[in-house]
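The structure under discussion appears below in the form of structure tokens.
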2 protein chains.
Amino acid sequence: MAITIYDVAEEANVSMATVSRVVNGNPNVKPETRKKVLAVIERLGYRPNAVARGLASKKTTTIGVIVPDASKTFYAELSRGIADIATMYEYNIILSNSDKRQDREVELLEDHLGKQVDGIIFMSDSITPQLREEMRRANVPIVLAGTLDAEKEFPTVNMEYEEAAYLATKKLIENGHSNLAFVSGPFTRDINRLCKKVGFEKAHEEAGFAVNPEFILETDNTYDDAYNHWCEMLERDNAPTAILVSNDELAVGILNAIRDNKFSVPDDFEIICFEHSLLARAVRPQLTSVVIPLYDLGAVSMRLLTKLMNKEEVEEDKVMLPYRVEWRASTKEKNPLA
Amino acid sequence: MAITIYDVAEEANVSMATVSRVVNGNPNVKPETRKKVLAVIERLGYRPNAVARGLASKKTTTIGVIVPDASKTFYAELSRGIADIATMYEYNIILSNSDKRQDREVELLEDHLGKQVDGIIFMSDSITPQLREEMRRANVPIVLAGTLDAEKEFPTVNMEYEEAAYLATKKLIENGHSNLAFVSGPFTRDINRLCKKVGFEKAHEEAGFAVNPEFILETDNTYDDAYNHWCEMLERDNAPTAILVSNDELAVGILNAIRDNKFSVPDDFEIICFEHSLLARAVRPQLTSVVIPLYDLGAVSMRLLTKLMNKEEVEEDKVMLPYRVEWRASTKEKNPLA
DNA sequence: ATGAAAGCGCTAACAC
DNA sequence: GTGTTAGCGCTTTCAT
């Protein structure tokens, strides 16, 4: 049996209440007593039982993080931002992968709530009505990170994907292209369908020419799928000459398809993508990218969550983080966005 | 106040013991009663409190995972393997980053133990004596994943890095090289210093020529550091012509240094690296790699941990997973290792 | 400054 | 098959 607060109390000739005070840094303890208790704690190797503490205090200093797939760099980076701030505020993290399955998401939400987490950071492709319902029922704060909440109902930390897509597309158009493609991950992801794609379209609209629906490519978000899609594209005689890509991995697939087929980037094709992970810097030419502030998305989400858990006043719980564009060699001109 | 088992009991006109039985799937409940209770649970939206359950049962169905940096693909992949098997056995995961700081590792171990995790999976560059002491004191099983335990004291799941390094180096020597380099991450990582480096040296010994200590390069494990190191190397007139590299990221740094300086891989330099993440496939030429079975390392570790937590008989708690070599274009011949 | 005692919500004997 | 009851190891009033 492990050492309990009771053992310490007995050994130190004080009540368990006093031991509890010492452990919790309550100032109402005579320095002498504190010292004595601390010595016993050390000697006995007492380690407070967080589960008992959680039951008594109704706080677990643990938060839940639900993420589509923590092994993807996108979410891995984001989670690291969460983790660092969580550490700073002394929270532990229960991390779960939903694999984007809505039933899993609901299950995990239930599961985390059952574990009495003090708050949840949630990432998902889309907040479905059922999920929304479930989230409303939660008795702890939930923050959406890098996730679109179409109803603007929950606290959210995100960036202006639509604007970024619009500006990037506009830049490509200014570079002389009139035949552009948008290669995306699944449109089940709201950010792809409702933000990036829309920005892409708006730039077209403004420029006065139409988006060719054949050149809106929905992939399964893998390197290989993008590679194959673009190999097929290259066989057409009207292949687009500029490409806005949803993320690094897809962009590298396209880049390699282009280069393996002896075409050149940026001479034959210009590419701008989202994310800018190491992958975008490691390939040649390096990829011009809208840099998604992944780490900060996570860090700010967690910071917001701490405030919510503390019931602090929060001036604004829909936060948009700034992004920047990293101009590299997959585009011809290295001018900043106008 | 949330709904408790007591509320359900009252509402269903049964005792809380019966509700507990229903919730826990105990067969000793009349089907009729079960149905009634289930209906009330549903109606009231009762959700069992896992903290209370944990206190009463002394099991939390939560395990701790301590990892140097979950945002690195290496550990992200590995953690995903852990997570999937954990889900399968209905465990939650508390995930923490140690950033390889020994004091943090000790702290986190204490912290997780305090949270009453049922077991721990630990990843680290090196098991120091203090850490070892701490791990011995733990009252729950601990499995080391992808981590060298020089004393072979704890359950471990890993692969034969030394052998792989030896075979890869041997292959490079067979390809005609006599001037080879080993570019490594920090030697504070046991696997680098005690396994890969040793394999590299053994192949030299066997071939009858000496390792040039100047060509054992210890980097800080970043793309940029490797890139810079190799740029300097290229200015020497005796630069090595074959390179064994500790991981993909470093290898890509070297590859780019070589190519940016107008040399060719594999004509001027041959490269074999460890890991084979997407990065190794995305660059041109693609990198010949010793494929580390990251996902499986995690999955097998977790499976082993479940057995240990269940106090099942385990035939062997030092597991070595098989690896394979992916022959790509950074080496001249694509023959399998003899 | 310290102690006594009542829970927190559940599990697990034990009794019927 | 079901109920009663004693904890699990803490926190937290409330006294003193």
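Just so it is clear: chains get the letters A, B, ... in the order the sequence lines come, proteins before strands, and each one is counted from 1.
With sequence neighbours left out, the side chain to side chain donor-acceptor pair (under 3.5 Å) criterion links A:Thr188 to no other residue. Not counting sequence neighbours, the partners of B:Thr73 by the side chain to side chain donor-acceptor pair (under 3.5 Å) test are B:Glu275. With sequence neighbours excluded, no residue satisfies salt bridge (charged side-chain N to carboxylate O under 4.0 Å, His left out) with B:Arg21. Applying the salt bridge (charged side-chain N to carboxylate O under 4.0 Å, His left out) test to A:Lys100 and every residue at least two apart in sequence or in another chain returns A:Asp125. Partners of A:Asp7 according to the salt bridge (charged side-chain N to carboxylate O under 4.0 Å, His left out) rule, which considers only residues two or more places apart in sequence or in another chain, do not exist here. Under the salt bridge (charged side-chain N to carboxylate O under 4.0 Å, His left out) criterion, B:Arg80 pairs with A:Asp69, A:Asp99, B:Asp84, not counting sequence neighbours.
The phosphate of C:dG3 (OP1 or OP2) has a side-chain N or O of A:Thr18 nearer than 4.0 angstrom. Applying the 4.0 Å criterion to OP1 and OP2 of C:dG9, one finds that A:Lys58 has a side-chain N or O inside that range. Side-chain N/O atoms of A:Tyr46 include one lying less than 4.0 angstrom from OP1 or OP2 on D:dC10. Remark: B:Arg53 is not in phosphate contact with C:dG9, judged by side-chain N or O atoms under 4.0 Å from OP1 or OP2.
Within 4.0 Å of B:Val14, counting heavy atoms only, lie sugar-phosphate atoms of the nucleic acid but no base atom.
When each of C:dC10, D:dG9, D:dG3 is scored by its nearest atom to the side-chain atoms of B:Ala17, the top-ranked nucleotide is D:dG3. You'll find that the side chain of B:Ser15 is closest to D:dG3, out of D:dG3, C:dG9, C:dT11. Of the candidate nucleotides C:dA12, C:dG3, C:dG9, C:dG9 has the atom nearest to the side chain of B:Leu55.
Ranked by how close their nearest DNA chain D nucleotide is to the 5' end, A:Val51 and A:Lys59 are led by A:Val51.
Listed by residue number, the members of residues 20-42 of chain A with any heavy atom below 4.0 angstrom from DNA chain D are A:Ser20, A:Asn24.
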Under 3.5 Å, which donor-acceptor pairs do the side chains of residues 136-145 of chain A form with other protein atoms, sequence neighbours left out?
residue: A:Arg136; atom: NE; partner: A:Glu153; partner atom: OE2; Å: 2.5
residue: A:Arg136; atom: NH1; partner: A:Glu133; partner atom: OE1; Å: 3.2
residue: A:Arg136; atom: NH2; partner: A:Glu153; partner atom: OE1; Å: 3.2

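When side chains are defined from C-beta on, B:Ile82 does not count as touching B:Leu297, because their heavy atoms never get closer than 4.5 Å. With a 4.5 Å cut-off on side-chain heavy atoms, B:Ile63 and B:Ile120 do not count as touching.
Terminal axes of the helix from C:dA1-D:dT16 to C:dC16-D:dG1 (five pairs each, C1' rotation axis) are separated by 30°, to the nearest 10°.
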